[in-house]
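Counting starts at 1 for both ligands and their atoms, following the listed order. Residues take their numbers from the sequence shown, with the count starting at 1.
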Amino acid sequence: MSLEFIQVERDGKVGLIRLNRPKQLNALNLKMVDEIVETLESMDEDPEIRAIVITGNEQAFAAGADIDEMTEVDSIDMLLRDQFRVWDRIALVRKPIIAAVSGFALGGGCELVMNCDIVIASESARFGQPEVNLGVMPGAGGTQRFTKALGKVKAMELLLTGESLTAEEALHYGLINRVVPVEVYLDEAMKLANRIVGQPPIAVRLIKQSVLKAIDLPLDEGLDFERKNFYLLFSSEDQKEGMRAFAQKRKPDFKGK
Ligand code: HXC
């Protein structure tokens, strides 16, 4: 697929996706979402990449789904378009995805952020689900993930008023990991990604999977899932390497095997 609305870069073992539709504040049209998801999947398959950063620009991460593509369609158009099926594939990406967010992360933009695993925000970032202002509601998980992240009453307030959270508020509610000055938000995300790529990839993969299970499974099933993955890691070379390196007081060299 030729990439029209995103730019893709590599920095060592980190894959970087830049949303690049600046005149429309990175509003996510259908092709752009396809490009994002296909790139995430190809990075997930690429053994040279161990973590992924997704970012926009200083003004906007993404100001939502492209309203122009939705204005005149009817329900059956939407049903046949089935645009959220591609979104479901984001959750299947096994490598950690870090969002580096500045400016607007609204509607589909906020939903994209909530599909990421770690979120670094600039002081200017704004997070919200303003679909109600357009006579609709979130469709890519906003009512569910916002509520799980913020709790019922805050999510309800924001979803019903369409108001957004500042970066500091988002931090307070646990929607994001940290807030940094706008000059360094991408550097911070890249630094964090570079820290993760030094970790044993199979453990990273199973930890990500287990944390995501914690959101959906009852505790006993989540613990069972965790335990089996813990046992599984004892068949990895990286477990032997990590524990032997500790005993030998040296830095481990993880191979992802
Ligand atoms: C299409 C958009 C857009 C969007 C901005 N633009 N957001 N185009 N879809 N979601 C375009 C504007 O039309 C404008 O184009 C240009 O980007 C700059 O935007 P302005 O409004 O002039 O900028 P500003 O005054 O700074 O206001 C910024 C803003 C506002 C507050 C973010 O643009 C806004 O409210 N946007 C819509 C936010 C929203 O409702 N998002 C949810 C969408 S629904 P021109 O050509 O006029 O310069 C959604 C459903 C999710 O996400 C479904 C899952 C995918």
When distances are taken from atom 24 (P) of ligand 1, the protein heavy atom at minimum range is L25 CD1, 4.7 Å

- Query: Would you say ligand 1 has an N or O under 3.5 Å from any N or O of I67?
  - Reply: yes

| query | Within the distance-only criterion (no hydrogens, no angle test), does the side chain of N57 pair as donor or acceptor with the backbone N or O of A60 below 3.5 angstrom? | reply | yes

Under 4.0 Å from one or more heavy atoms of L134, ligand 1 contributes atoms 40 (O), 43 (C), 44 (S)

Distance below 4.0 Å between atom 30 (C) of ligand 1 and any protein heavy atom?
no

In ligand 1, the atoms that come under 4.0 Å of a heavy atom of E131 are 44 (S), 49 (C), 50 (C), 51 (C), 52 (O)

Discussion item. Can you check atom 38 (C) of ligand 1: any protein non-hydrogen atom closer than 4.0 Å?
Written reply: yes

message: When you group the ILVMFWY residues by side-chain heavy-atom contacts below 4.5 Å and let the links chain together, are I17 and I49 in the same group?
response: yes

Taking only non-hydrogen atoms of G107 and a 4.0 Å limit, the atoms of ligand 1 in range are 42 (C), 52 (O)

Pair K13 + E48, salt bridge at N-O below 4.0 Å: no

Checklist line | Steps toward salt bridge (Lys or Arg N to Asp or Glu O under 4.0 Å) verdict (K240, E237) | finding: CA-CA 5 Å; K240 297 287 173 293; E237 290 174 22; over 6 Å; no

re atom 14 (C) of ligand 1, the protein heavy-atom contact at minimum distance is K23 O, 4.5 Å

So the atoms of ligand 1 within less than 4.0 Å of a heavy atom of F104 turn out to be 28 (C), 31 (C), 32 (C)

Going by a strict under-4.0 Å cutoff (protein heavy atoms only), does atom 47 (O) of ligand 1 have a neighbour on the protein?
no

Check your understanding: Are F84 and V37 joined in one hydrophobic group, where the rule is that I, L, V, M, F, W and Y side chains link up if heavy atoms are under 4.5 Å apart?
Key -> yes

Checklist entry - Considering all protein heavy atoms, does one lie under 4.0 Å from atom 19 (O) of ligand 1? => result yes

Atom 55 (C) of ligand 1 has as its nearest protein heavy atom W87 CZ2, 3.4 Å

Residues passing the ring-ring contact (aromatic ring centres under 6.0 Å, His included) test with Y231, sequence neighbours excluded, are none

Ion pair D46/R10, N-O distance below 4.0 Å
yes

min-distance protein heavy atom vs atom 54 (C) of ligand 1 -> F84 CE2, 3.3 Å

Less than 3.5 Å apart, which donor and acceptor atoms pair up between the side chains of residues 246-253 and the rest of the protein, not counting sequence neighbours?
residue, atom, partner, partner atom, Å
Q248, OE1, R250, NE, 2.7
Q248, OE1, R250, NH2, 3.2
R250, NH1, E241, OE2, 2.8
R250, NH2, E241, OE1, 3.2
D253, OD2, K255, NZ, 2.8

Q.
Any carboxylate oxygen within less than 4.0 angstrom of a Lys/Arg side-chain nitrogen, looking at D224 and K228?
A. yes

> When you check the gap from the basic side-chain N to the acidic O, do R85 and D82 get nearer than 4.0 Å?
Replying inline: yes

As a test of the contact definition, would atom 44 (S) of ligand 1 count as having a protein heavy-atom neighbour under 4.0 Å?
yes

(message) Quick check: G139 and ligand 1, any N/O pair under 3.5 Å apart?
(response) no

Regarding D66 and R21, does a basic nitrogen lie under 4.0 Å from an acidic carboxylate oxygen? yes

Problem - Geometric cation-pi criterion R126 and F104, 6.0 Å radius, 45° cone - result: no

The protein heavy atom nearest to atom 41 (N) of ligand 1 is A63 O, 3.0 Å

Does L106 come within less than 4.0 Å of ligand 1, judged by its heavy atoms? yes

Decide, yes or no, whether a salt bridge links R94 with E45 under the criterion of side-chain N to carboxylate O below 4.0 Å. yes

Ranking A27, G108, P22 by closest non-hydrogen atom to atom 8 (N) of ligand 1, top hit is A27

Ligand 1 to P130, heavy atom cutoff 4.0 Å, flagged ligand atoms 39 (C), 40 (O), 41 (N)

Under 4.0 Å and counting heavy atoms only, is there anything from the protein next to atom 6 (N) of ligand 1? yes

protein heavy-atom neighbour closest to atom 11 (C) of ligand 1 works out as Q24 CA, 4.0 Å

